[in-house]
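What follows is a short report on a single structure.
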Amino acid sequence: LANVFNALANVAQVSSDYETMSVLLERSFAIFQMERNEPGMAKVLNNLGNAYRLNQEYNKALATYRRALVLHQTQRNKLKAAHTQLNMARALVSLEQPKKAQVLLESLISTFSNIGAIQRQIEAHGVLASIFNGNSKLEDAERQVQKIQSLKLQVDNNYFDPGSELACAEFYRLTQQFQQTEDILLKGLEKTTEQKNILQQERYLKALAIFYAEQGKHTEATHYWKSHSTMLTKRLENKQAAFSELAPVIAYIESTNNQLGDNHVFGKAQWVWLVMLLVLCFLAVLSWKIYKKRQLLNLSMPLPSEIQTSSLTVIKPDSSNSPSDKTLQEKRSQLVEL
């Protein structure tokens with residue numbers, strides 16, 4: 001059931017319904033947590049962080065990534081831990097903390113290189129390039145672009161990372177290398193269309209519209225703006241359609257959530273009964289010890305005949321009113337009462 005929720009979250013992500021995506025992943029995490037499935041918990045937390053980040057809840061995303069990172073480090077999974085840190089760097093960039101993101105990315109590039117994760121290296125260089133583009137550090141951005149081109153030769157020709165490609169296109173645009181900019185953007189739009197990645201298609205359509213507008217090619221710019229508007233409308237319609245399709249699932253999730261809450265309460269009740277039982281056992285042992293002590297005390301006291309005689313002696317009228325006699329009588333009375 002947890003894996004089903006995770007898969008449905010991917011459906012919600014395609015439709016850019018990040019709120020539904022978050023709800024599905026939260027339920028998936030609750031089940032994995034109940035089963036103490038740490039690999040499942042770590043995977044879902046990373047995806048949940050992505051959902052928060054895409055929904056522009058960046059601080060919440062960072063907190064979730066940190067929880068996932070702890071689990072990955074506990075399992076000593078360097079690749080997944082580094083991937084989660086890469087997502088953290090993206091969130092830091094969105095929070096306008098480029099220096100922190102830069103330090104983290106430079107460390108990650110070394111980690112990815114050591115474990116041979118070339119595709120993740122390309123992604124990290126792409127994020128760094130976008131940071132340098134934004135700060136107008138074009139020399140630093142150029143080094144990142146060159147590194148991306150070099151690493152791409154070591155992987156499958158079909159590999160395509162939209163983020164790093166957009167960063168390269170932005171660098172070429174800033175350095176007025178317009179032919180390279182156009183080639184990268186058109187190729188990126190073709191790839192994202194093949195992959196049916198609506199969100200990335202929107203990004204490339206918008207980048208092309210801005211690029212042609214800057215070049216004074218208003219016909220092309222208008223075409224891509226219209227395509228962008230159509231794609232945005234389509235995405236919103238798909239989001240609405242996905243919501244209606246997932247509505248029964250959400251209802252089931254809510255009922256499941258209530259059941260999980262009931263089970264949690266039942267678990268608490270069990271603990272309460274256990275504690276009460278332990279307290280009763282303790283009181284029983286304590287009572288038994290007190291009873292044994294009283295028995296020993298009774299053995300050390302005078303015989304009943306002696307107690308009776310003493311009591312008769314105490315209640316006899318005595319003409320003596322001296323303080324010592326009264327004290328003796330009080331002691332005898334206390335002994336009889338004991």
Side-chain angles (χ1 to χ4, degrees), residues 1-95 97 100-101 103-105 107-109 111-112 115 117 119-121 123-124 126-127 161-163 197 199-200 239 242-243 246 249-250 252-261 263-264 267:
L1 184 60
N3 288 321
V4 169
F5 285 156
N6 189 54
L8 288 171
N10 293 333
V11 176
Q13 182 177 3
V14 171
S15 302
S16 302
D17 190 354
Y18 304 125
E19 292 181 4
T20 302
M21 180 184 176
S22 301
V23 172
L24 289 162
L25 289 170
E26 285 166 359
R27 296 281 65 77
S28 178
F29 175 76
I31 296 171
F32 278 132
Q33 188 178 35
M34 192 167 57
E35 295 186 349
R36 298 181 182 178
N37 185 333
E38 290 192 355
M41 289 164 61
K43 176 183 71 175
V44 171
L45 282 173
N46 183 71
N47 295 341
L48 185 58
N50 291 337
Y52 293 142
R53 178 168 57 86
L54 292 169
N55 205 35
Q56 299 182 356
E57 299 177 87
Y58 302 120
N59 287 314
K60 203 171 181 180
L62 274 176
T64 307
Y65 286 139
R66 290 191 184 102
R67 293 175 65 191
L69 183 61
V70 170
L71 290 172
H72 285 315
Q73 290 174 338
T74 301
Q75 297 162 22
R76 298 181 181 179
N77 194 323
K78 289 184 178 180
L79 178 58
K80 290 185 178 179
H83 184 204
T84 297
Q85 288 178 302
L86 178 58
N87 289 329
M88 290 175 66
R90 292 186 173 112
L92 287 169
V93 172
S94 299
L95 283 169
Q97 299 181 26
K100 288 184 179 180
V103 172
L104 181 57
L105 287 165
S107 172
L108 285 174
I109 288 170
T111 302
F112 286 135
I115 60 181
Q119 295 180 359
R120 298 301 183 198
Q121 277 183 267
E123 292 179 35
V127 179
D161 175 48
N197 191 330
L199 187 62
Q200 296 298 339
K239 179 177 178 179
F243 180 77
L246 290 173
V249 178
I250 300 300
Y252 175 70
I253 291 169
E254 292 303 322
S255 64
T256 305
N257 185 31
N258 294 334
Q259 291 177 5
L260 289 174
N263 289 338
H264 186 58

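Because the structure is predicted, anything quoted here is derived from the model rather than measured.
The minimum heavy-atom distance linking Ala82 with Leu108 is given by the pair O-CD2, 3.6 Å. Shown here for Met21 and Asn47, the closest heavy-atom pair between the two residues is CE-O, 3.9 Å. Annotation for Ala68 and Ala42: closest pair CB-O, 3.8 Å, computed over non-hydrogen atoms. Pairing each heavy atom of Ala89 with each of Ala101, the nearest pair is O-CB, 3.7 Å. Listed here is the closest heavy atom pair of Ile109 and Ala124: CG1-CB, 3.7 Å.
The closest donor-acceptor contact from the side chain of Ser107 to the backbone of Val103 lies at 3.5 Å or more, if one exists at all. Counting only distance, with no hydrogens or angles, the side chain of Ser28 and the backbone of Leu24 share no donor-acceptor pair below 3.5 Å.
At least one side-chain heavy atom of Arg90 sits under 4.5 Å from a side-chain heavy atom of Val127. In this structure, Thr64 and Asn46 have side chains that are not in contact, with every pair of non-hydrogen atoms separated by 4.5 Å or more. Contact of the Met88 side chain with the Leu69 side chain is registered, since non-hydrogen atoms from C-beta on lie closer than 4.5 Å. Side-chain contact between Asn6 and Phe29 is absent, with no heavy atoms from C-beta onward closer than 4.5 Å. You'll find the side chain of Gln97 stays beyond 4.5 Å of the side chain of Tyr58, heavy atoms only.
Rounded to the nearest 0.5 Å, atoms CG (Leu25) and CD (Gln13) are 8.5 Å apart. Taken to the nearest 0.5 Å, the CG atom of Asp161 stands 12.5 Å off from the CD atom of Gln121. From Phe112, atom CZ reaches atom CG of Leu79 across 6.5 Å, with rounding to the nearest 0.5 Å. Remark: Asn50 CG to Leu45 CG distance equals 11.0 Å, nearest 0.5 Å. Note that OG1 of Thr84 is 13.0 Å distant from NZ of Lys43, once rounded to the nearest 0.5 Å. Distance CZ/Phe5 to CD/Glu26: 12.0 Å, rounded to 0.5 Å.
Residues Tyr52 and Asn59 have side chains that never bring a donor and an acceptor to within less than 3.5 angstrom of each other.
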Pair Val70-Arg66, side-chain contact (heavy atoms from CB on, under 4.5 Å): steps then yes or no: CA-CA 6 Å; Val70 170; Arg66 290 191 184 102; 5.8 Å; no
